[in-house]
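Taking it in order: structure first as structure tokens, then the write-up.
The first residue in the sequence is number 1, and the count goes up from there.
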Amino acid sequence: MHAVMETAASAGTPATITGEPRNQVEYIQQSREAHHYSPGIQKLYDLALSYFPDAEKGNQEGTPAVWSTGLMEAPLLYACDTIPMAVYDLGRLGSAVEAAELSEDIFDMPKETCSMVSALIGEWYMRRNNSVKKVVALSTVCEPLNMGYEMIKEFGFDIHRVEQVIRPVHGGDERLEQMIKFLASELEDVAFFLTGKPVDEEKMRAEIKRLNRLMAKFREILQLRLKNPLYIKSLPTLFLLMGSAHYFGKPAEYEALLDQLIEELKTADFVPSPMGKIIPLTWVGARGLEFGVYKAVDDLGGALLSWFTPNPYDRVWNEDIPPLESMARFILDYFVTGSPVNQIKYIENMIEESGSKGMLFYTYIGCPYGGMHVELFRDHFHKKGVPSSGLEGSWQVGAPSGQLITRVRAFIEMLS
């Protein structure tokens, strides 16, 4: 049980990985070796690999934790003295192949079922007797996952649903203000679910300030990477982005890590590309699980310098209004709950600021939600003459398909 997770938690100093890694832990170990010069990257992976084991252990010892999306809810959950356990990062740090097989065998789920949902249900089934049982479910994030939440209720999971509204295209300011008020009340109910009382607004204000401070430091790291893109390569940048939404359950350690990486980047020697030159790229869409794609980008001379993914780092929470309203306003201008048409301007800004020469659009196989967004983005940027390539990946822990790597190779070679 938890095959990959147990390997991660007890890895110590694993042997050098030769050949193509077989799972995510081996990709992480390979990345550790590639970043042997960076104490900060070693600490980053320590935080990532200890995230779920430490949160589960802490929950057993009295520090509350809750499963959530791991996208934007950190200020509210930390204000409730609760550790967020990111549902989507469970796929990156769990044992998705074994979990998906369990879902097919135990629940008779057809192979055509969304691989993400199959994997997560299997993960929760494996954890049914020894892990966190509370879940905060955001209703608009993924409809198949909403059905999955219903399935795990029979194992004793306590599901609290947040009726998360979508920003209207029509209706004007009055309609928007009504939706903000409604969503703020839904978020208040999360505090009652977790603590039995209203959220401590002063604590939440402090958490919003912390989030804004950490996002500013993350943006500084990305800015410093423009001059030395491969000092922190694509995979650890992904993990930094993941951690910006939940801090791996350890906010103070995560902030210290950001400070350390900022200082490293300011004085680091330049890390050259194995191909002799660097092609700046922008990643748009899901934060893929197939770590081999990120390695291929680096090895082929690409550098992912900006990321438009479900947890945006380029926007700031309003600290001057009530904290629940601030959270509601942020969500209503948020990638996963708004029209992709409204998000195009943010991608354009990222491309300009990072000097990207091309875009990689990533979505999971069979996900109509992500696929629709990507097609709208691709159509817009194709008309503007920005080169792009669409990647369809799966919710798996092994090496990416040869077809996926071939597409990455062909695209970067074209830009070269």
Side-chain angles (χ1 to χ4, degrees), residues 63-88 132 134-142 145-146 149 158-169 171-216 218 243-247 249 251 254-255 310-339 342-343 346:
T63 301
V66 64
W67 293 104
S68 65
T69 64
L71 297 177
M72 87 299 278
E73 61 274 30
L76 174 57
L77 299 188
Y78 280 113
C80 295
D81 298 317
T82 300
I83 302 297
M85 296 181 65
V87 168
Y88 296 115
V132 174
K134 286 189 173 184
V135 180
V136 172
L138 304 180
S139 63
T140 63
V141 169
C142 175
L145 186 55
N146 287 337
Y149 288 138
D158 187 6
I159 313 296
H160 177 81
R161 295 190 177 276
V162 178
E163 294 302 323
Q164 190 177 340
V165 291
I166 296 176
R167 182 167 187 160
V169 176
D173 291 342
E174 182 178 356
R175 172 74 169 150
L176 177 60
E177 293 303 315
Q178 291 173 347
M179 300 184 86
I180 290 169
K181 184 176 180 180
F182 171 78
L183 183 52
S185 70
E186 287 287 296
L187 297 172
E188 179 76 271
D189 288 344
V190 172
F192 279 100
F193 171 68
L194 295 174
T195 68
K197 58 185 179 181
V199 67
D200 184 325
E201 291 200 359
E202 288 308 307
K203 288 179 71 172
M204 190 170 174
R205 287 182 192 277
E207 290 296 338
I208 288 174
K209 289 181 179 180
R210 168 156 57 187
L211 178 63
N212 282 339
R213 184 174 71 246
L214 297 190
M215 288 300 95
F218 179 75
S244 71
H246 46 63
Y247 325 137
Y254 181 75
E255 183 166 11
N311 52 315
Y313 55 83
D314 59 328
R315 277 158 267 184
V316 178
W317 290 46
N318 190 332
E319 299 178 10
D320 299 324
I321 59 178
L324 291 172
E325 179 187 345
S326 178
M327 185 173 183
R329 290 185 180 278
F330 182 84
I331 290 173
L332 286 171
D333 193 30
Y334 190 62
F335 176 56
V336 271
T337 59
S339 167
N342 295 332
Q343 306 303 326
Y346 297 109

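- Nearest approach of Phe330 to Pro312, heavy atoms of both residues: CZ-CG, 4.0 Å.
- Residues Arg210 and Pro251 come closest through the heavy atom pair NH1-CB, 3.1 Å.
- Atom CE of Met327 sits about 10.0 Å away from atom CG of Leu211, to the nearest 0.5 Å.
- Between Ala245 and Gly70 the shortest heavy-atom distance is CB-O, 3.1 Å.
- Using a 4.5 Å heavy-atom threshold, the side chains of Met215 and Arg315 count as separate.
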Side chain to side chain contact (heavy atoms under 4.5 Å, CB included) evaluation trace for Val162 with Leu138: CA-CA 5 Å; Val162 178; Leu138 304 180; 3.7 Å; yes
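- When atom types are taken as modelled, the side chain of Asn212 and the backbone of Val316 share no donor-acceptor pair closer than 3.5 angstrom.
- Annotation: side chain of Asn318 is not in contact with side chain of Ile208 (no heavy-atom distance under 4.5 Å).
- Under the 3.5 Å distance criterion, the side-chain polar atoms of Glu188 are matched with a main-chain donor or acceptor of Val199.
- To the nearest 0.5 Å, the span separating NZ on Lys134 from OG on Ser68 amounts to 13.5 Å.
- Checking side-chain atoms of Glu207 against main-chain N and O of Ala79 turns up no donor-acceptor pair under 3.5 Å.
- Ring orientation note: the planes of His160 and Phe193 are close to parallel, at an angle under 30° on the 30°/60° scale.
- For the atom pair CD (Glu177) and CD (Glu325), the distance works out to 7.0 Å, reported to the nearest 0.5 Å.
- Residue Leu145 holds its CG atom at 10.0 Å from OG1 of Thr69, rounded to the nearest 0.5 Å.
- Not a single donor-acceptor pair under 3.5 Å links the side chain of Thr82 to the backbone N or O of Pro64.
- Looking at Tyr247, its side chain never comes within 3.5 Å of a backbone N or O of Glu255 through a donor-acceptor pair.
- Taking CH2 from Trp317 and CZ from Arg205, the interatomic distance works out to 13.0 Å, rounded to the nearest 0.5 Å.
- Annotation for Leu176 and Leu332: closest pair CD1-CD1, 4.0 Å, computed over non-hydrogen atoms.
- Remark: Arg161 is not positioned above the aromatic ring of Tyr149, lacking an NZ or CZ atom under 6.0 angstrom from the ring centre and at most 45 degrees off the axis.
- Considering CG of Leu324 and CD1 of Ile180, their distance stands at 12.5 Å, rounded to 0.5 Å.
- Between the side chain of Trp67 and the backbone N or O of Val132 there is at least one donor-acceptor pair closer than 3.5 Å.
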